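Comments concern the structure below.
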Amino acid sequence: MYAKCGRLASASVVFHEMGRKDIISWTTVIAGYSQAGYGEEAFKYLSWMRREGPKPNEYAFASVLSVCGSMVMLEQGKQLHAHVLTVGLDSEAMIQSALINLYSKCGSIQEAAKNFDVTKDGDVFQWTSMISGYAQHGYYQDAIDLFEKIPKVGLKPDSVTFVGVLAACSHAGLVDLGFHYFNSMSNDFKISPSKEHYGCMIDLLCRAGQLSEAEHIIKSMPIQQDDVVWSTLLTACRLHGDADCGRRAAEEILKLNTNCAVTHIMLASIYAAKGMWRVEAEVRKMMRSKSVLKEPGWSGIEAKDGTSVFVAGDRSQPQGDEIYCVLELLDSKAEISIPETVL
């Protein structure tokens with residue numbers, strides 16, 4: 001109960017207090033941490049289960065493989081894949097789906113395709129994972145070709161499958177094909193478009209520079225508008241230099257989030273690019289009057305089975321002094337290596 005409700009601390013306490021832990025209790029707590037995105041904790045419980053508990057089943061392994069994909073923990077996922085092969089669970093449909101999902105989300109498309117090709121009785125979830133992987137990593141035509149094969153093998157695409165193929169059309173700039181799939185979803189498969197499907201269509205039109213059409217879909221879609229769709233349009237307005245549409249998109253975003261720093265900055269950038277310096281200055285002045293500050297950027301790297309996060313301007317990282325020392329050394333070497341002719 002606690003795990004399904006997301007109260008993992010309470011679930012962990014109850015689990016530790018249990019005198020006899022059966023396969024269901026182990027799998028439940030592992031799945032709870034996995035579904036909540038706590039990959040390291042899920043791994044710890046799985047390792048503990050392998051040492052002291054019952055033999056892990058496909059549900060436990062699939063849960064941890066899935067969170068490895070979500071958190072892009074490729075090396076840990078590979079280690080777990082090797083163990084799955086050792087214990088002979090690699091042919092289980094749930095494991096196969098999790099492996100395809102893992103390698104697809106981590107960008108190892110060839111490995112994902114290899115696992116997809118060996119599935120005997122693939123289900124729509126495996127097909128969807130492969131289509132989404134192709135779409136996310138630039139293999140747009142492969143995603144579309146695979147989608148077209150689904151009816152031929154006796155399966156029906158679901159709503160998530162359509163998100164994958166619409167995303168492929170968006171990144172490939174295939175506006176007409178995208179609308180064909182969007183209409184087919186409701187007409188042929190009786191699937192009602194969700195916020196994600198409309199988001200794909202808006203992104204499709206924005207990438208193609210059809211900003212007025214994208215704005216029309218946002219205003220007419222039978223789903224509550226949020227700042228995500230308006231932000232997609234605003235970003236496209238900056239890219240294509242449409243100040244009027246950008247202003248309208250920014251106004252809608254600020255109705256939902258009055259202190260959105262990114263919106264103010266993007267709108268100011270649009271005005272600056274068009275040479276509208278007075279209006280740009282007014283936006284900057286409004287930011288200062290509302291004390292709107294842009295959140296610092298951050299990045300993360302995976303090293304030694306852990307993830308380190310770095311925030312711009314932050315010197316609190318435990319190894320910060322050593323890191324900056326190495327950066328200064330690299331910077332000095334870069335300056336020395338610059339030819340005098342360049343200077």
Side-chain angles (χ1 to χ4, degrees), residues 35 66 69-70 93 97 100-101 104-105 112 116 119 121-237 239-240 242 245 248-249 252-253 255-256:
Q35 291 167 7
S66 294
S70 299
S97 295
I100 295 168
N101 179 69
S104 294
K105 288 187 175 179
F116 177 79
T119 56
D121 300 312
D123 56 27
V124 70
F125 302 108
Q126 295 169 359
W127 285 74
T128 298
S129 294
M130 197 67 246
I131 290 170
S132 299
Y134 278 139
Q136 291 168 7
H137 296 284
Y139 297 86
Y140 312 129
Q141 193 58 51
D142 292 291
I144 293 168
D145 292 343
L146 195 60
F147 180 85
E148 291 290 343
K149 293 178 181 177
I150 290 180
K152 299 176 182 178
V153 297
L155 297 174
K156 289 185 178 181
D158 61 15
S159 61
V160 183
T161 317
F162 274 101
V163 170
V165 75
L166 289 175
C169 291
S170 175
H171 288 281
L174 301 172
V175 176
D176 291 340
L177 186 60
F179 271 96
H180 165 72
Y181 288 138
F182 184 76
N183 294 326
S184 174
M185 182 173 59
S186 54
N187 295 335
D188 300 330
F189 296 94
K190 310 304 178 186
I191 299 174
S192 298
S194 66
K195 180 175 67 175
E196 288 74 21
H197 300 112
Y198 279 104
C200 287
M201 297 307 296
I202 293 163
D203 184 63
L204 171 64
L205 291 169
C206 286
R207 288 175 182 270
Q210 299 181 26
L211 305 184
S212 59
E213 291 84 351
E215 184 178 8
H216 173 72
I217 286 185
I218 294 175
K219 291 181 176 180
S220 62
M221 64 183 187
I223 296 173
Q224 185 176 2
Q225 304 162 11
D226 59 17
D227 57 347
V228 175
V229 292
W230 286 112
S231 295
T232 301
L233 181 60
L234 178 59
T235 302
C237 290
L239 179 64
H240 296 284
D242 192 328
C245 186
R248 293 193 297 272
E252 295 296 334
I253 297 171
K255 287 179 184 177
L256 300 168

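None of the values given here were measured: they were computed from a predicted structure.
- Of the possible polar contacts, one joining the H197 side chain to the S159 backbone as a donor-acceptor pair under 3.5 Å is found.
- For the pair C237/C245, a side-chain contact is recorded, criterion being any heavy-atom separation below 4.5 Å from C-beta on.
- Defined by atom type and a distance below 3.5 Å, a donor-acceptor pair is missing between the side-chain atoms of N101 and S104.
- The closest side-chain donor-acceptor pair between S184 and D188 falls under 3.5 angstrom.
- Side-chain N or O atoms of S132 include none that pairs as donor or acceptor with a backbone N or O of S129 at under 3.5 Å.
- Side chain of Q126 to backbone of A93: a donor-acceptor contact under 3.5 angstrom is found.
- Annotation: side chain of L166 is in contact with side chain of M201 (closest heavy-atom distance under 4.5 Å).
- Checked options D242, L205, L233; the residue passing with E215 is L233 (criterion: side chain to side chain contact (heavy atoms under 4.5 Å, CB included)).
- At a threshold of 4.5 Å between non-hydrogen side-chain atoms, the residues E148 and K152 do not count as touching.
- At most 12 non-hydrogen atoms from other residues, nucleotides or ligands lie less than 6.0 angstrom from CG of D176.
- Partner V229 forms a side chain to side chain contact (heavy atoms under 4.5 Å, CB included) with one of I218, D203, I223 and no other, that one being I218.
- In this structure the side chain of P222 reaches within 4.5 angstrom of the side chain of Y198, judged on heavy atoms.
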**Request:** Show your reasoning for whether salt bridge (Lys or Arg N to Asp or Glu O under 4.0 Å) applies to D145 and K149.
**Result:** CA-CA 7 Å; D145 292 343; K149 293 178 181 177; over 6 Å; no
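- At least one side-chain heavy atom of F116 sits under 4.5 Å from a side-chain heavy atom of L146.
- To the nearest 0.5 Å, atoms CD1 (I100) and CZ (F125) are separated by 12.5 Å.
- The aromatic rings of F162 and F147 sit perpendicular to each other, their planes meeting at more than 60°, with 30° as the lower class boundary.
- The backbone N or O of A208 lies less than 3.5 Å from no partner atom in the side chain of H240, so there is not a single donor-acceptor pair.
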**Item:** side-chain contact (heavy atoms from CB on, under 4.5 Å) between D123 and L155, intermediate numbers included
**Value:** CA-CA 7 Å; D123 56 27; L155 297 174; 5.5 Å; no
